[in-house]
Each structure stands twice: as structure tokens, then as C-alpha cells.
Amino acid sequence: MCGIIGYIGKENPIEILINGLKNLEYRGYDSAGIALKDKDEIEVIKSVGKIVNLEEKVKCKELIPSHLGIAHTRWATHGKPTENNAHPHTVGKVTLVHNGIIENAEELREKLKKQGVTFNSETDTEVVAALINKYYENNQVEAINKALKEVRGSYALGILFQGSDCLFAVRKDSPLIVGIGENENFIASDIAAIIDYTNKYFLLEENEIVKITQDKVEITKDGKEVEKQIQTTNMEKDAKDKCGYDHYMLKEIMEEPVVLEKTFKPYLEDLDKLPDLTKYEEIHIVACGSAMYAGMIGKTLLEEYANTKVEIDVASEYRYKNVIYDRKTLVILISQSGETADTIAAMRKAKENNVETLSIVNVKTSTIARESDKQIFIEAGPEIAVATTKAYILQVGIMALLAYKTALTKGLVKENDKVLEEAEKLPRLIKEVLDRRDEYKKVAKEIYNKEDIFFIGRKIDYATSMEGSLKLKEVSYIHSEAYQAGELKHGTISLIEEGMPVFAIVTDDTIKDKTVSNIEEVKSRGAKTIIISNEKWQTEDLQVTVPKISPYFQPILIVPTLQLIAYETAKLRGCDIDKPKNLAKSVTVE
Ligand code: G6P
């Protein structure tokens, strides 16, 4: 994780760098730092905690006049979030910021120590700075090249050298773009960081080294010059504003009807724009976090309605396990960012085994989008809140359409079925669900002072429970677990206590009666159940009822209620909703 920005141009870089860091804060926010360069002086300012702390510190200092700088927001991997460990790191004539993990950092550190280098931090980054410094005589690109030959791992680096008025950068397995402005240029972990200044950029490919001045960008790979096609993003400048909402999470939930309509439009016009899954004998779905839970909904729908064999795994397991590819298989990778390190590794594993890959991805320029064989893009736009909401809904939506298309192709759909007509209604129905915030506030009041909560459901309702539980624990820090309703009694029911909230998700008619029995089991042990269903129940329990719709899309009406309950609960608990502790949005390390 971690976010990087760099600037060279006519302006004083401080405001640009701080503004950029704020837009990258979703990538990590435990400490931050800036380096400014003027002639041969490099000034470094760091602080622990969020970017505002750095901003305050910078305001109170008289800084060197400068037109060149790099900055970093950190999500700690090697070493605690202290000022010493915060980036930029300087060794000798080299100052740099880094996103990624250097796998052989300890080995290199020991070697360098023997050569007389002393280290001031526990980070793997400082080792890279030391290595580049070791090779630096007067050719910066050569020094970077030589150093990186010894480095194993992932990196995006922004580098300043004493003795040069240029900005340098390089990447491998961590994202980095070069932004092109007028008499100014940038580097950044993603375009959102610099969209206020330019919409022109190009992607840096693996181990291309870029040397940047205010009006020139030179790229080389292994000593040879590389030509680049400049791209233009259509990201709106205000796409990253809160638009009057208290939090990005709320804004992004409220955008769900619009982004779903946009994502569905081409496929509702022509379902054949979606790939044909019937060509494969087996589907593997691989993803992390919420994206994996979206995959669980897809697996349930594909098995249930399209009679398709589906395996699902979290990417961090899939990449290392013995996957048996003995049939014609398609690997579906689901990822909002398209940069999740484990999901990238799972994709590459499939490709190495000559297995086809299909990605469902939001960021079109991401590694997964570029390297997968086929892509389906969701149109979430920038998602800033660390806890995903709108992107998850769209991932589920695409999986639902894929399952429906597969069932249709296999002749498994009843003639009078109205699935696509129901899909047309979804944006309006989601809006209806979102408009009932008072109900969610009421539920939040019931649960916000509890420390343990369960979510139960069966089949697709279990998959939905997983996301509901994750959302709640991510943003409110309440411990919660999702369980298959029928499995709870095999041990875990011992945890149910008087007054403990249990959310029961019940939408699947075929299994409803069984879940009702499980609800009785927890109630008779003192649980306070909250029923989330697509029909009104005769019960004293708290309940939230959403419109009934085709089972393909029912989770798309249930999950927004759970997202808003998590949001309201976190608000009552005074949590930092958009940036929960310990998390980062884009997990670009293993
Ligand atoms: C992180 C985020 C989650 C997200 C997961 C996968 O853990 O906090 O919200 O679901 O990464 O991210 P991706 O970008 O691959 O969907």
C-alpha cells in the first residue's frame, strides 16, 4: 500500500504534494512525509498519523524555496508507524519514497552494514536508498539500475538525488503513473492524486526508469529509450469530493443506484457483450475481502441457477495452494482497485498454467485490467472510503448477470421469467432502500454499544451475511461473525448471551423455514434478533424489509441496508468511518 506523489515545475510543490497525499490517503495513513529540493539542499519533514498532522507541521516551518519534491503516506509493513520509519528516507545523496515490499531487505541490510552503512530506521525502504547511494557516482539512472538488480520484491519509487535537479521514478509490481502538465510534471500512485492539475498521464511499465524535468520526460529500460503514448482520463475533478455528505462512505453508498445503472446499461441492451461461461467446465473465482464475498454470491447463483461448477478462494490461499487444473477452466478475478497483490499473483499463476482469466475490475488502467485475458469493467468511479460499498454492489451485479446469461445459454431459464425487466428496476429500488435511513439509525441505536454480534443466513443469505458482518467490523470495530445459520449450533452457539444482537438474513424462500428454526434457537438463548428480509414478518423483533425481486438481484437490495447500518453504528461510536484503523484500501503488499 502507501501512496506516492512527486512534483517538478514552476510552483512551490508543498500545496500540490499535501493535496495529492490527501487524495492518496486511502492507501494508508499511519504516517506521512515530504522532501523538498533546492539546488543541493534536500529538506525532509515527517509526522506520525494522518496527513493533517504533516500539513500542520509544514505550516509552522520556514521551508526552503523549492520547485521539486516527493511525498508519501504510509501503511506500515517493516517497522512501527514512527517518524523515523516514515518516508522519505535519505542515505547519502539519495532521498526516496517507496510503496511495496523488499523481500531480501534483511540480507541486503546486513551486507551494507558490513560495508559501513548505518541505518536510522527499521524499514526495507532505507535499504534501497542505501543501495542506490552506493552505486551513485554521477549517473542517476545507472545507479538505480544497478541497485534494482540486487533487489527482490515490489516497488514504486520516487527518487531525488543531490547533484541533480530532476525527479526520478521506477516501479515493479506496485502502481505508478507519470502525470504530464504544462511546464510541470508529476508522479503518483494513481491519477486521483493529480487530477486537480492534469488529466494527462502515462503508465510506467515494470522497471522503466523515468527522469523528469518540468518540461521533459525521458524513459529508459535497460539503457534503451522507450516511447510512450500519453493517455487522458475522463475522471471528473469533483469525483473525489464529498459533495456535501459527512463521509465518503455515505456518499458512495448513495451513488449505488446511478453507478449500477451505468454499469448494467450495455449488458441490458445486449447480454452477448458478456463472455460465455458455458465454454468452460469449471470456474474459479479468486479475490480478497469484499470482492471475495461478491464472488461468493456469484458462486451461489452460478451453481443454483446455471448448474455450473464453481470453486472459490481467497487470493492469498489460491496463489500458494496446489490448484488442480484438470478441466477447461476460467479464473475470474474480482478486484475494485485491480492492484491487490494477492489477486495479481493468483492471476499470474493461472496464466502460467495456460488457464484463461477474466477480471471484474473498476480501475481500467490497473495491473489486473491490463494483464487479464478478458475484462468486465464496473463503473463505480473513484471509491475513496476504505470500506468498499458501491464497487461491491457492482461486482455482485455483474456476477448476477453472468449467472443469468449462463443459465439462459444452457436453456435453464423459464420462459416467463422477467429477470432482465427486474434488472431495469434495480436502480429505483436501491434508491427506495437507501431513502429509509431512519430505520437504519434505529437499528444502529440498538447495537452500537454491544461488543459482539452475529449474522446468520443460509445459501445466498449466508454470502450476504459475510459482507454485512465485514462492513460492520471494519468501520465500527464491533466484533462480529457471520455464520451459516444451520452450523451455529455446532459449537459457536455457546457464545450467544442475553441481549446479544443476531442479524438474520432471510430472503431465500426455498430454505426460509430452516432459517426460522435457527432464529428460534438463538432467541431461546437470549439473542435479540434483527430480521432483514424481503417480506414483512409477524414478529416483535426489529426488522428491515426490502422489496422482493428476482433472487439473482436480491443481495443488491439487502446489502445497502447492512452498509447503512454499519455506517450509522460507526457514527454513533465516533469512529473514523472513511479511514478505519489498521486498514488500507488498496492492499498492494502480500
Ligand atoms: C482491502 C479493502 C477491502 C477490499 C479488498 C480487496 O482489504 O479494505 O475493502 O475488498 O482490499 O480489494 P480490491 O481492490 O482487490 O477489490
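Just so you know, ligand 1 is whichever comes first in the structure, and atom 1 is the first atom listed for that ligand. Numbers for residues simply follow the sequence, beginning at 1.
Among residues two or more places apart in sequence or in another chain, the salt bridge (charged side-chain N to carboxylate O under 4.0 Å, His left out) test is passed with E103 by none. For N449, there are no side-chain hydrogen bond (donor to acceptor under 3.5 Å, both in side chains) partners at least two apart in sequence or on another chain.
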Pair up each side-chain donor or acceptor in residues 559-566 with any protein partner under 3.5 Å, not counting sequence neighbours, and list the distances.
from : atom 1 : to   : atom 2 : distance (Å)
T561 : OG1    : I558 : O      : 2.5
Q563 : NE2    : T389 : O      : 3.3

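Salt-bridge check for E568 with K471: failed, with every basic side-chain N at 4.0 Å or more from each acidic carboxylate O. A salt bridge does not link K390 to E383: none of the charged nitrogens lies less than 4.0 Å from a carboxylate oxygen.
Taking a heavy-atom cut-off of under 4.0 Å, ligand 1 is surrounded by C288, G289, S290, A291, S335, Q336, S337, T340, V386, T388, E474, A584, K585, V587.
Heavy-atom neighbours of K200 NZ from other residues, nucleotides or ligands within 6.0 Å: at or below the threshold of 12.
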